[in-house]
Amino acid sequence: MVLAETSIRRAFKGKTVLLTGVTGFLGSGVLEKLLRSVPEVGKVLVVVRGNPKYSGEDRLRRRIMGAAAFKGLRDSMGMELATLAEAKVEVLEGDLMLPDLGFDDRAKKRLGDVDIMLHCAATVVFDAPLRQALDTNLEGPRRLISMMKAAGARPRLVHVSTCYTCGARRGVVPEVLPGMLPEGPQFDWRAEVADLHATCDHVEMTSRQPDRLDAFRRAATNAIGPAGGPEIAAATERRRLDWVKKELVAHGIARSRALGWNDVYNFTKALAERAVLAEAGDLELAIVRPSIIESAWKQPEPGWLDGFKVMEPILLGYGRGEIPDFPGRAEGLVDIIPVDCVINAVLAAAAAPLEGGKRVFQVSTGKRNPLLYGGIFTLVRDYFRAHPLTGADGYPIVVPNWEFKGREKLEAQVRLAGRALRVAKSLSRVVPAALPAGRTLRTRVNQLDKVIEQARYYSDIYGDYVEMETTFDDSNTVALHESLVPAEREEFGFDISGLDWYDYFMDGHFPAVSEMMEQGRQRRLAVARAPVMPEPGDGAGRPAAAFFDVDGTIVRTTVVHYYLWLELRQRSVAEWPALLTRIAPELLTWQRLDKKSRAAFNRQFYRVYKGLDARLVRQLARETLDEVTLPLMYPRAVQAIRAHRRNGTRVVLLTGALDFLVEPLRPLADEVICARLAEDHGEFTGALDETPIAGEARSAHMRLWAAERNIDLADCWAYADSISDLPMLAAVGHPVAVNPDDPLRAESRRRDFAVADWTLPYGAGLKLPVAT
Amino acid sequence: MSAEARRPRKPGAKKPATKPSPARGTAKPPRPALPAAPAPPKLAAPPTPPALTAPPSPKILPAPVPEATPRQLPSALRVARVETETSSVTAPGSVVEVTRKTPPLLVHFGEGFKRVRFPEGTRVIYPPAPLAGVEDPEAAIAEALDHPLNSEPLNALLRPGMKLTIAFDDISLPLPPMQLPDVRQRVIEQVLTRAAAHGVTDVVLIAALSLHRRMTDAELRRAVGDRVFDAFHPHRLYNHDAEDPDEMIEVGVTDRGEYVDMPKRAMDSDLLVYVNINLVAMDGGHKSVPVGLGTYRSVRAHHNTATLYESRSYMDPPRSAISHSVDRQGRLLADHLKIFTIETTLNNDTFDGPMKFMQKHENKWTPADRAAFAGIQKATTTLPRRRVRDIFHNIAAPYQITSVQAGETEATHASTLRNFHRQHLVPVKGQSDVLVAGIAYLSPYNVNGVLNPILVNTMALGYFFNLYRGKPLVREGGVMIAFHPVDYEWHPIHHPSYIDFFDTVLPQTKDPAELEARFEEDFAYDPWYRHLYRTSHAYHGVHPFYMWYWAAHGMRHVARTIYVGGDPKTCHQMGFMSATSLKDALEMASDIVGSNPSITYLHAPPLFLCDVT
């Protein structure tokens, strides 16, 4: 192909450009390039989705003023960048996934002015749910084009796609329009799209079948039952949505593979090309197909990368020593293209004289500057040996030597490990978590689970890519580059034949990835260090409260500990076995009940006090401060309480423990809310005086309590250890999960609760009340 | 004048170099050294417990009289070089120089030991050999009560219908706890016997624990004996409570603004008898009552950094600002309350049985000593930590009473100090660059507990550093090297505020004066720590601060403190360094004291007091 002269600056001069995907990697690069190198451009309309926190406009401003892509511009222009952006960039708030893109009338009208459309938005997730992939990748550009046409515009269209729309095939793939490749299934893409939408609807409806809903609810109850009704309902719905998502992923992958694509991303992009082609009608259309887009070669700066892309998880997994071998062949081809080459190619394709035609440009390296898997591995290994990552233990990680054993062998290993893991998992369910052995086993199983899951994921997602033996013809792209006016070749060049892979990786890409990794680590550390104690002067001037659960949070005990201690204390050692034999079966019942509902457990458990002499028990309970409570009290809990009280925050102990056991803790707090046993003629009846305050009753109680005192729960803190306390934690602005049980730990991670792992000082511990 | 111990005359034994000296302000003629007090009647059958309502009758009180066994004297010691000075008041301690032939020396290391080879030329200070105790402790006590110093005899102070309060030293004395019967029991029983004989029925006993933790029932029982405990506990034998708002009252303020607070019970009493044990030179005297029965406010008058920086050392009352301060409080109190002080001194016979090797020179260890050392050493490294702790805290010292004196506080204490010095004083010439000490398992503040990191520092730079009269054993700007594991380990009941102090205060500042100004009151007035002090067995919330102040002078005096075997993190948090061996520690100190420093090793416990000239 021979093109007449292409001048980007001339083509964009005074033009109105519509740009999508500006919050993504490629899109933000394109916007940066336009602002930096094409000052002649008239106006850049960008489609940005707002979110509950930030409007589209805010998101764009934050991006320009904060993202690494614009760092060079910020440094050289300072505040002028904001002025420039103000003048050149206009936000159309909208969402490509919505039927009319969520545009208002002004935005819709504005579409009529568009001269050039650069469509960079996509869901670049290989295992995206089908609905999302369809809506973003296919429906988005289709709607955009039709709405522009409806508004009276006749723009040049540049649709960014991917080389891999060709599906899984070997050999050289030519730069031909979609549907023109010789082999492969013949299908009506419109019917296919309609069917895919129908599939999505079907999955959605299936998830609402009674038996499914029951299963979701049962699973939610099992996981977080003690957290109470509203939380269970929320978890049930979450599970349903998760299930829908998983099903859509599965359906997407299955259908993609059935029709010859590796994954739903490539499949929907391939469908999108057909849709865009059809929608374009007689408009000029350039389809730009990059291969795997990676960090920048030269601009805006070498190594610029915006979040982890396709290759980084593997690189980092390797750097962290997590991937002992890779399911690929050493001689496999990795087709990587630096992002700045793609940006320039997109701009050039928008400027190229297409003479009313439609063209495909494949932007890749495999044909003219191939990079093999074995080669990249050597580079990675050398790099991480010279610059090792830091492990969780603070020591540098030694990276393994990959042997490229092949995918089959590796997958067999993973399967075997998975089987061993299943056995260990069922074992860990039998051993109670309260025992040290149970805890260790659980931790180990969880660790192993993660490793295997990871290996499976890498193998699933990336396996096809590294086994691929495809090269992409890039004659059109070369011609496009040749057509650039000489004055713009340096500034807008994308000739990859001059790319030195060693320099690219060693000086640009790896250092950037390492740095991002380190930043990520610091961020995670910062999250782990989310304050579990208030700073001096926190909440000054505003009334606040700190709610503390007692058992398991301030003291490493349960209500059962105290009861057992009281019983043992009254008996000689010789009588202990009889007592323990009597109680042992109850323990199992209690454990089962506690998994379901804390309130039910409390009610059932406190029956053991039936018939006990109230006066005697109360008298013995006084000894529990020294004998049970203090030896098992977390010093950090006391420090946290003291820190709150110094700040003038009211400390409230909110516990299901009995009044006479909590009594000695009263001076620790401003207020104590606890349970009380009913008495009859000096004996406990085994019933509680009032309904136990557990689960969602706690948050309800807290809300009322705070409202009465004119306190805003958003200023309040809560400390608790068990999933049954979830509502209590969720109700306040500063929740702290203290030594959380497994379900609460999972919820804390999901909801960004601070997690405190408090320990007893060495030397602490319980002694049995052996009578002397 | 005191009832001084009579040392059994043995061939080869030195003549005791003590001389009765006239007590201050006493106009009485000198009395014979041993009173001709009638021997207490002995009972054939075990005593029956007395009725709960009345104090024990004299007929059933007297305790069995233990034998006073003659003890081996230090002449048998063969050491490389012994510097002994014939002093009018001391038994010879030994200062030994390490030579090529010196065996590795025993160094205390928390709940365990090390044997360490010291560089040649190291000066090792061993405790003086134990003096013999009085032959008949009961008689010595009786003599002291009958012929008190600067006071009427006790009997003359007792009358029917009076209110009598007996206060006594708490669990922090003596260290380790002594084998039974405790000297407190002996003295209290005699006082009670006399009180009963004089028709005194309103008697209360108070453990004068100041801001220390409350003693447990078992500990009280051990201190006062079964009969007293059963008769008086819990309503008329109890722990002092410095935070009792209904009981504590202000007695007055000294001309330096020092508050004197006392329990109502004591101030309402016609007579307060104080029963003391003197183990180190800062014990006793006016410190007993105003401090032991005081409040945070009154203790704060002298337990502060300004006073403690000016106490050089605590063990040298004339040069101790804290001693001057309590004297002012005591004199003010004496104007309002009749106090009859009974003070006792003990010898330093601290370990017996298999533990005896701890107070012997290493080159005098017998095969049995070696075996005992090896066995205990093995046990400390293999048994569970709790068991090891139990073994150590079950050690009871075979202390013997070397003197009993009674009467007016100041006169009594002057006599006590003379008798104390007789046992404990070791003359030492000159300071050294480096002071080495092994920190054992015990301090006054962790009996039956844990020697936590703060207390380790208190022992090293508070107590051991202060075991001097004249000038410190280590030169200013020198280095302290202590042996202790310094584990992050705490007694959850005894020391809750310590953990808080270590975790939250020390990371912000280690400067005693600064942390006093910024944090002390927050801990002292904290409702939770106050609650634990009053109802559980916790030291007062302010106590860790006092422990830090206690070492303030030492921390300022030395340029560096290094813990051999210390946990690096814990040491660092306190501003100290840790080393793996003495050699490493000396290497780490070499930028300050050079590569060939003069070294003094304090071979303690047993404790002693160095007279550094």
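Convention: sequence-line order gives letters A, B, ...; per-chain numbering from 1.
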Open item on the list: Heavy-atom count check: over 12 atoms from other residues, nucleotides or ligands less than 6.0 Å from Arg676(A) CZ?
Closed with: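 At most 12 heavy atoms, drawn from other residues, nucleotides or ligands, come within 6.0 Å of this atom.
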Task: Arg385(B), CZ atom: more than 12 neighbouring heavy atoms under 6.0 Å - done: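 Check passes, neighbour count above 12.
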- [ ] Kindly compute the distance separating OH (Tyr488(B)) from OG1 (Thr759(A)), expressed to the nearest 0.5 Å.
- [x]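 One gets 7.0 Å once the value is rounded to the nearest 0.5 Å.
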Task: Which of Met633(A), Arg646(A), Arg645(A), Arg622(A) touches chain B most, by non-hydrogen pairs under 4.5 Å - done: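 That would be Arg646(A).
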Under 4.5 Å from a heavy atom of chain A, the part of [X] involved:
X	answer
Pro496(B)	neither
Asp500(B)	both
Asn452(B)	neither
Ser536(B)	both

- [ ] List the atom of Pro664(A), the atom of His531(B), and the distance in Å for their closest heavy-atom pair.
- [x]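 So the minimum-distance heavy-atom pair works out to O-NE2, 2.7 Å.
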TODO: Identify the two heavy atoms, one from Gln639(A) and one from Ile499(B), that lie closest to each other, and give their separation to 0.1 Å.
DONE: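 Taking Gln639(A) first and Ile499(B) second, the nearest heavy atoms are NE2-O, 3.7 Å.
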Task: Sole residue of Ile493(B), Thr216(B), Leu532(B) in side chain to side chain contact (heavy atoms under 4.5 Å, CB included) with Asp626(A) - done: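 When side chain to side chain contact (heavy atoms under 4.5 Å, CB included) is applied between Asp626(A) and each of Ile493(B), Thr216(B), Leu532(B), only Ile493(B) qualifies.
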Task: Note: Asp522(B)-Arg642(A) ion pair, threshold 4.0 Å (strictly below) - done: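 A salt bridge links Asp522(B) with Arg642(A).
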Task: Side-chain touch Val638(A)/Tyr529(B), heavy atoms, less than 4.5 angstrom - done: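 When only atoms from C-beta onward are counted, Tyr529(B) and Val638(A) do touch, with a gap below 4.5 Å.
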Task: chain B contact via Leu625(A) - which portion, at a heavy-atom distance below 4.5 Å - done: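 Contact with chain B: side chain only.
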Task: Heavy-atom contact with chain B under 4.5 Å, split by part of Leu665(A) - done: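 Both parts, backbone and side chain.
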